[in-house]
Amino acid sequence: MPDPADRGPHVLMIGAFPPQAQGIPGYCGALAAAIGRRATIRALGFRAMYPPWLFPGVKAANDPTSAAPEAPGLTVTHALAWYNPLGWIRHAWRAPADVVHIQWWSLPLFPVCLTFALAARIRRLAVVLTVHNVHPHEPSRGFTIASRILYRLADHLIVHSKTNREQLCASGTIARDHVSCIPMGADDGPITPPDRPTARATLDLPEDAEVVLFFGTIRPYKGLRDLLRAAATARKSLPRLHLVIAGKPWEDWAPLDGLIHDLGLGDCVRARLKYLPEADLPPILAAADLAVLPYTHFDAQSAAGSRLIAAGLPLVVTDTGGLPELVQHDPRWVAPPNDPEALAARIVAYFTDPAAAEAFRDIAGRTRAAMSWDGAAEAHLRLYRALRT
């Protein structure tokens, strides 16, 4: 730990910070706190991030169960609003900083990000851009164009996995030494769970069920259809198998509900179709034996996956984006995308192999060591200092 008297560079970070409920507050808040234990950082978030009609997820601006991050060198301010560009300009021009660090993940935030990037260039401040999605989750030419503009304004780019860096540099327009790979943290402490029988009773699950969890927003690329088909196949070998679906749908639920019943899964699926505040997570995580991220395609790293690893849940992923890095590329836990039969085989193998849980504990330990918030903070500070020289 550096000398507290040496606060290092002064950082202005633009992102989403707890208790915000929209965006990526878990990541931004944990990173800002880790940096704030070592340097001076101002986290500038939103009091109104998206127009209510635009964001299909959480409608409430704040999660009342989530607390703002705290650290000796950290100040958190929720001052930005999507409808107030004069406020963006004022903060971008006046905020004291050596480095402006912009978290980039959503096209509606492009005008805000562009304002801060341009102001920083005029003020001759270093500009760092964290690229959370190398490509948009759903086709979007606007996101691609906006990203290219921001890349040109940034002094340095950050991604969360080696695969993401290769994807970003594949076009040949971005030099590899212009991009750093800094994994998101997965060691934010275990959630204090209820005991398993209580957790399962809360979700109306049999105590002896074999429980698989799908966790996170429900969007087409997340592959829930593949997981439902995999669950139907796996039940032939695992008659006590149950599936918990926990997250807010960003697509019409009716076709998925129809598929559940067509596959004969109506009696074994428990769905919590809403934004899940912090207070709702412990019983869901405690009730599950295994989590699955069955994404069909992906050009990022999964915050949901990092959270599952931090909670100690064994995890099956598909071979896309940065997901295999969550399980150390171990083939026992990685299935091809768009392949329900392969997913089913991994699920059955987990529940029929007595040594599987112990094997995953070793993998999870190595993943948490590689995905440390303290390590991420130190890597960011090395980059900030290098850009100031």
Side-chain angles (χ1 to χ4, degrees), residues 26 186 188-218 222-224 226-235 237-249 256 260 265 267-295 302-318 323 326-327 332-335 343-365 367-368:
D188 49 344
I191 296 174
T192 303
D195 61 82
R196 177 161 290 187
T198 300
R200 292 192 168 183
T202 300
L203 297 176
D204 191 28
L205 291 165
E207 191 171 334
D208 65 347
E210 292 157 327
V211 179
V212 172
L213 173 64
F214 176 96
F215 174 66
T217 55
I218 300 168
K222 295 287 188 80
L224 179 54
D226 288 341
L227 179 56
L228 290 171
R229 295 186 175 97
T233 299
R235 282 196 91 196
S237 301
L238 304 168
R240 299 193 307 277
L241 186 72
H242 282 64
L243 176 63
V244 174
I245 301 170
K248 175 75 176 179
L256 288 163
I260 289 170
L265 298 175
D267 64 330
C268 70
V269 171
R270 304 291 185 269
R272 296 293 183 269
L273 304 179
K274 63 176 184 176
Y275 168 73
L276 297 165
E278 289 294 319
D280 288 4
L281 294 182
I284 291 171
L285 297 174
D289 297 297
L290 174 72
V292 180
L293 299 180
Y295 296 7
S302 171
S306 299
R307 186 59 176 276
L308 294 165
I309 288 286
L313 263 178
L315 186 62
V316 170
V317 304
T318 49
L323 296 182
L326 294 171
V327 296
R332 292 173 294 179
W333 311 96
V334 182
L343 276 177
R346 300 302 191 282
I347 292 169
V348 171
Y350 174 78
F351 286 109
T352 56
D353 180 359
E358 182 59 37
F360 194 85
R361 274 193 284 272
D362 175 64
I363 289 173
T367 299
R368 283 193 292 268

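The line from CD1 of Ile284 to CZ of Arg272 is 7.0 Å long, rounded to the nearest 0.5 Å. Interatomic distance, CD1 of Ile245 versus CG of Leu227, reported as 7.5 Å (0.5 Å rounding). Note that CG of Asp289 is 6.0 Å distant from OH of Tyr350, once rounded to the nearest 0.5 Å. Taking CD1 from Ile260 and CG from Leu243, the interatomic distance works out to 7.5 Å, rounded to the nearest 0.5 Å. Residue Ser302 holds its OG atom at 6.5 Å from NZ of Lys222, rounded to the nearest 0.5 Å. Rounding to the nearest 0.5 Å places CG of Asp362 at 9.0 Å from OG1 of Thr367.
Using modelled atom types, one side-chain atom of Arg200 and one backbone atom of Ala209 make a donor-acceptor pair closer than 3.5 Å. The main-chain N or O of Ala310 is never found under 3.5 Å from a side-chain atom of Arg368 such that the two would form a donor-acceptor pair. In terms of modelled atom types and a separation under 3.5 Å, the side chain of Arg240 and the main chain of Arg235 share no donor-acceptor contact. One N or O on the side chain of Arg270 and one on the backbone of Asp204 form a donor-acceptor pair closer than 3.5 Å.
The closest side-chain heavy-atom distance from Leu228 to Phe214 is not below 4.5 Å. Side-chain contact check for Phe360 versus Val327: some heavy-atom pair is nearer than 4.5 Å. Looking at heavy atoms from C-beta onward, Leu273 lies in side-chain contact with Ile218 at the 4.5 angstrom threshold. Proximity of Leu281 to Arg307: side-chain heavy atoms (C-beta onward) are separated by under 4.5 Å at one or more points. Within the 4.5 Å cutoff, the side chain of His242 has no heavy atoms near those of the Leu203 side chain. Residues Phe351 and Leu241 form a side-chain contact, since some pair of their non-hydrogen atoms from C-beta on lies under 4.5 Å apart. In this structure the side chain of Thr352 reaches within 4.5 angstrom of the side chain of Leu238, judged on heavy atoms. Residues Leu213 and Leu308 form a side-chain contact, since some pair of their non-hydrogen atoms from C-beta on lies under 4.5 Å apart.
Taking all atoms of both residues into account, the shortest heavy-atom contact from Ala199 to Pro283 is CB-O, 3.4 Å. Of all heavy-atom pairs between Ile309 and Ala186, the closest is CG2-CB, 4.1 Å. Contact between Leu315 and Val317 at its shortest, heavy atoms only, is CG-CG1, 3.8 Å.
Salt-bridge check for Asp353 with Arg332: failed, with every basic side-chain N at 4.0 Å or more from each acidic carboxylate O.
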